[in-house]
Number of protein chains: 2
Amino acid sequence: MTSKQPTSRIRKSPEQVRSAVHQAVIDLMSAPGGVELTIPAIAHHAGVNHTSVYRRWGSREALLADVVTTRLERDWPLHDTGTLRGDLTAWAEAGVASIRTPEGRLLVRAVALSMPSSAHTQAERAQHFQRRLHSIERIRERAAARGENPPPVEEILDQLVAPLYLRAIFGIDPPATGYPELLVDRLLGNTRTPGTAEA
Amino acid sequence: MTSKQPTSRIRKSPEQVRSAVHQAVIDLMSAPGGVELTIPAIAHHAGVNHTSVYRRWGSREALLADVVTTRLERDWPLHDTGTLRGDLTAWAEAGVASIRTPEGRLLVRAVALSMPSSAHTQAERAQHFQRRLHSIERIRERAAARGENPPPVEEILDQLVAPLYLRAIFGIDPPATGYPELLVDRLLGNTRTPGTAEA
DNA sequence: CATCGTAAGCACAGATGTTTGCTTATGGGC
DNA sequence: GCCCATAAGCAAACATCTGTGCTTACGATG
């Protein structure tokens, strides 16, 4: 007991820790039964010492934000289809696909909540949301560059983003078929031939 | 230590406790800087012993749910205007008024969160949401009884509820004027003045 | 006015989450 | 191949939240 024998103390590399912790967050979020999702629990599930998590991310809030943005940007990417309608529909389709999985719903929910107990300031939260909205802005810019006339952001927010987020947050399944197209039709007008609808 | 002198131990009545705790939750939620919103903190702010809170509500989740439903039912009530359009507009107006205040936004947000760390099952969460949706159902029933033909719940969800909730959660201010009417027009069709207004 | 059930307050114990000082693998640069 | 900065692992202290047994004020009932 006096000496410390090098008890073959295997350790993970920083990248391994990052990966394992991220996966553990996803696993525990998706787990049924309301797991606690505390740092000790996450670290244990990841096979990592909890101090490593504390030192690297500092707080659970920061950890969740990291996981969420990483995953969302991977699972809800931005496509370039060549038309405004195509881009919006693709975006909605990716969203629908995401919120059909428990993991996806939880990710979107996590964006909305961000912080379980401690509360971000509103400005901070809005900024966080801005990152998510960035893809919408890009879609609008591309459409404008093509000479199309995209609806204002507020309309896209109300008619495209809001329904998807609401369903993700409250776990309401979207209609089985045609939902992305339905939303885009409401937004752009049900005219497949552009030009007549508003704006 | 041997004797217990009745040190004029003033105590609040159950109703006083309830009121003080509810108010403390609101105060701490509205407080800037990300207060912890733990039961001890709430109890302290309310001037109540924390055991009283534990024994009465059991968990923070139950306490928040109680506060939120109480307040929301008071601040976001249901009006009977005699027409479907009127009822929906009134509902949207109440919602807009609510989410214009920081407290109102936080209440709506709290409905979305419901549970900070522990996670409700999806069914449980959906049920919780159902309570909020009850007013929508009532509006539809009344309209049907009048012989009107209300839109399906899903449409009201997408076009009326979702925009309000999204704005509440992310702190996006609704348009300064005419927003309730705009949402209802989108939902029911802009049958009154076929204006071009989409701005 | 006396009695009784309810529930608030208090003190303390138990469990859980958070933080710190230290040791020592790991991987890159010289 | 040696040396060094980085960061993971460990243990123990620390803070905080959660729960329990008990006393006792409050209000209702007779």
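Chain identifiers are assigned alphabetically (A, B, ...) following the order of the sequence lines, protein sequences preceding nucleic acid strands; residue numbering begins at 1 within each chain. Side chains are part of it too, since the values below use all heavy atoms of this structure and drop only hydrogens, waters and symmetry mates.
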Open item on the list: On the nucleotide C:dT18, are OP1 or OP2 found under 4.0 Å from the side-chain N or O atoms that A:Y54 carries?
Closed with: yes

Open item on the list: Heavy-atom nearest nucleotide on DNA chain D for A:S13 versus B:S13: which residue maps closer to 5'?
Closed with: A:S13

Open item on the list: Can you confirm whether the side chains of A:D75 and A:S98 place a donor and an acceptor under 3.5 Å from each other?
Closed with: no

Open item on the list: At less than 4.0 Å, is any side-chain N or O atom of B:S52 found next to OP1 or OP2 of C:dG9? Yes or no.
Closed with: yes

Task: Interatomic spacing from CG in B:L188 to CD1 in B:I156 - rounded to 0.5 Å - done: 8.0 Å

Task: d(CD1, A:I42; P, C:dT16) in whole Å - done: 16 Å

Open item on the list: In whole Å, I'd like the distance from the CD atom of B:Q16 to the C1' atom of D:dG27.
Closed with: 12 Å

Open item on the list: From C-beta outward on B:R11, which listed nucleotide comes closest to its side chain: D:dC10, D:dA25, D:dT18?
Closed with: D:dA25

Open item on the list: Measure CH2/B:W57 against P/D:dT18 and give the value in whole Å, please.
Closed with: 15 Å

Open item on the list: With a 4.0 Å cutoff (strictly under), does any side-chain N or O of B:T38 reach OP1 or OP2 of D:dC17?
Closed with: yes

- [ ] Please state how far atom NZ in A:K12 lies from atom C1' in C:dG27, giving the value in whole angstrom units.
- [x] 18 Å

Task: Rounded interatomic separation in angstrom, taking CZ from B:R60 and C1' from D:dG19 - done: 17 Å

Task: Near-ring test A:Y165/B:Y165, centroid separation under 6.0 angstrom - done: no

Open item on the list: Looking only at the side chain of B:T51 (C-beta and beyond, no hydrogens), which of the listed nucleotides D:dG19, C:dA8, D:dC10 gets closest?
Closed with: D:dG19

- [ ] Would you mind reading off the distance between B:I39 atom CD1 and D:dT20 atom P, rounded to a whole angstrom?
- [x] 13 Å

Open item on the list: With a cut-off of less than 4.0 Å, is there a side-chain N or O of B:R56 near OP1 or OP2 of C:dA8?
Closed with: yes

Task: Beyond-backbone contact of B:E73 with B:L78, side-chain heavy atoms, under 4.5 angstrom - done: no

Task: Selected nucleotide, minimal atom distance to B:N49 side chain, candidates C:dC10, C:dA8, C:dT18 - done: C:dC10

Task: Rounded interatomic separation in angstrom, taking CG from B:L63 and P from D:dG19 - done: 14 Å

Open item on the list: For B:P14 and B:H50, find the nucleotide of DNA chain C closest to each by heavy atoms; which residue's nucleotide sits nearer the 5' end?
Closed with: B:P14

Task: Integer-rounded Å distance: D:dC17 P and B:R55 CZ - done: 18 Å

Open item on the list: Regarding B:R60 and B:Y54, do their side chains bring together a donor and an acceptor under 3.5 Å, going by distance alone?
Closed with: no

